[in-house]
Amino acid sequence: MRILTAGESHGECICAVLEGFPKGVKLSEDFINEELKRRMSGVGRGRRMAIEEDKVEIISGLRNKVTLGSPIAMLVKNRDRKIFSQKKDNLASLSVPRPSHADLAGAFKYQESDVRNILERSSARETVARVCAGAVCKQFLNNFNIRIASFTVSVAKASSTRKPKDTAEIRSKTKSSKLNCIDREAERTMIAQIRKAECDKDSLGGIVEVWIEGLIPGVGSFMHFDKRLDARIAYYLMSIPAIKGVENGLGFEYAKRKGTSTHDAIFYTPGRGVYRKTNNCGGIEGGMSNGEVIIFRAAMKPIATLRKPLDSVNLTSGKAEKAIVERSDTSAIAACGVIAESMAAIAVQELFLDKFGQDTLGEIKANYQSYLKTVKQKLKRRK
Ligand code: EPS
């Protein structure tokens, strides 16, 4: 399966194409729209979200709501479209790059002095396409009872230590949250921090946690580096704009511990089969799912655009100036969780298809069932 996205922040639309998506999967457009709505919400989002009404149009790959195996193309129209018409757009040139944005490196790379030509594509608006693709993959994974959920762990220094039991708890608790949070008390502090940052014309980052539940052991592979499940998920999470760190399981904390007290010991009873009492490695060993819940964290830096801009340089005149001030978010942490879920869904589906086949859902289900039998037989033999 391959995924491509296209579109500029203020172009006609944002698009996603999924090639190699299996035939026979029933897709709900409503579900994709619910996911898009989740991406738009959350305290700290900017005025653009009040303009847009992100709704997907599926323009190929389906017949009677069921996938054909042909490329699935989706588009979401931008209401705030200004560029890419045949007419001259009258958008002012932007010559002073924002520190921490793609502006300066992009201007070097594409030999530009107008960073408008860089920021249109580097804008996090592109994540609309990823959420569409992720929502399609989630619906495929649903056939195998694989559930994906996320929650906000922290905003700046305000953090929650609450651990959920499972994805069902994450879903039910985050549903009514304004910040994709499972901890109401911590959420209040997080919201207060965002409100303060808004007043201070500042921006904030945070940490999100993603849970993937129900994946059977053996998805991903140690046979080659690019087939490792942890590597694939980390790569895709790292590709989300503003992400600066990714952890699996205990992550960086693991490095401080001793092996004897931290590795997840293996137990067996005839009733339960093989099981673990801990999940410090976050559901992945040797680049493969081990049957435990898969847990990742992603750290988002503060949004690059500041209403109290930092020092920069005018690329046309070479003179010192304050960076450009564009409309932006104060915090996009709630959206980040939804996007992280989407990227995790894409990564998991890719390696799931590597193991169980690509063409039709029926074939993949048959392969899955026969593999499941061998896993169960192995457990029985140990009785
Ligand atoms: C975003 C749309 C953008 C920004 C934000 C996310 O819209 P506009 O630039 O018109 O305000 O609000 O993008 C960025 C933070 C960025 O750095 O580009 C969206 O749809 O998520």
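Just so you know, ligand 1 is whichever comes first in the structure, and atom 1 is the first atom listed for that ligand. All of these numbers come straight from a predicted model, not from anything done at the bench.
- Put simply, the side chain of S221 gets close to the backbone of M223: a donor and an acceptor are under 3.5 Å apart.
- Under a 4.0 Å N-O distance rule, the pair E34/R38 does not qualify as a salt bridge.
- Heavy atoms of H101 found under 4.0 angstrom from ligand 1 belong exclusively to the side chain.
- No part of E326 comes within 4.0 Å of ligand 1, judged by heavy-atom distances.
- Residue-level proximity to ligand 1 for H10 is carried by the side chain, the only part with a heavy atom below 4.0 angstrom.
- A side chain to side chain contact (heavy atoms under 4.5 Å, CB included) with S203 is found for one member of P302, S100, S328, S331 and no other, namely P302.
- A donor and an acceptor atom, one from each side chain of E363 and Y368, are nowhere located under 3.5 Å apart.
- At a 4.0 Å cut-off, at least one heavy atom of D329 sits close enough to ligand 1 to count as contact.
- Residue S328 places no N or O, backbone or side chain, under 3.5 Å from any N or O of ligand 1.
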Can R297 and E209 be said to form a salt bridge (Lys or Arg N to Asp or Glu O under 4.0 Å), step by step? CA-CA 4 Å; R297 284 179 174 215; E209 189 161 310; 2.7 Å; yes

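- Only the side chain of R39 comes within 4.0 Å of ligand 1, judged by heavy-atom distances.
- For ligand 1, none of its N or O atoms has an N or O atom of D80 under 3.5 Å away.
- By the 4.0 Å heavy-atom criterion, G46 is excluded from the residues contacting ligand 1.
- R47 does not count as a contact of ligand 1, since none of its heavy atoms falls under 4.0 Å from the ligand.
- Minimum heavy-atom separation, E292 to R276: OE2-CG, 3.5 Å.
- The proximity of R327 to ligand 1, defined as any non-hydrogen pair under 4.0 Å, involves the side chain as well as the backbone.
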Salt bridge (Lys or Arg N to Asp or Glu O under 4.0 Å) between K308 and D200, intermediate numbers included: CA-CA 8 Å; K308 206 162 55 184; D200 295 345; 6.0 Å; no

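- Atom 13 (O) of ligand 1 has S123 OG, 3.6 Å as its closest protein atom, hydrogens excluded (heavy atom only).
- Residues F222 and E285 form no side-chain contact, since every pair of their non-hydrogen atoms from C-beta on lies 4.5 Å or further apart.
- Residue R48 places at least one N or O, backbone or side chain, under 3.5 Å from an N or O of ligand 1.
- Note that atom 4 (C) of ligand 1 has no protein non-hydrogen atoms nearby, at separations under 4.0 angstrom.
- Using a 4.0 Å cut-off between charged nitrogen and carboxylate oxygen, K65 and E29 do not count as a salt-bridge pair.
- Which parts of ligand 1 touch M49 is read off a 4.0 Å heavy-atom cut-off, strictly below it: atoms 19 (C), 20 (O).
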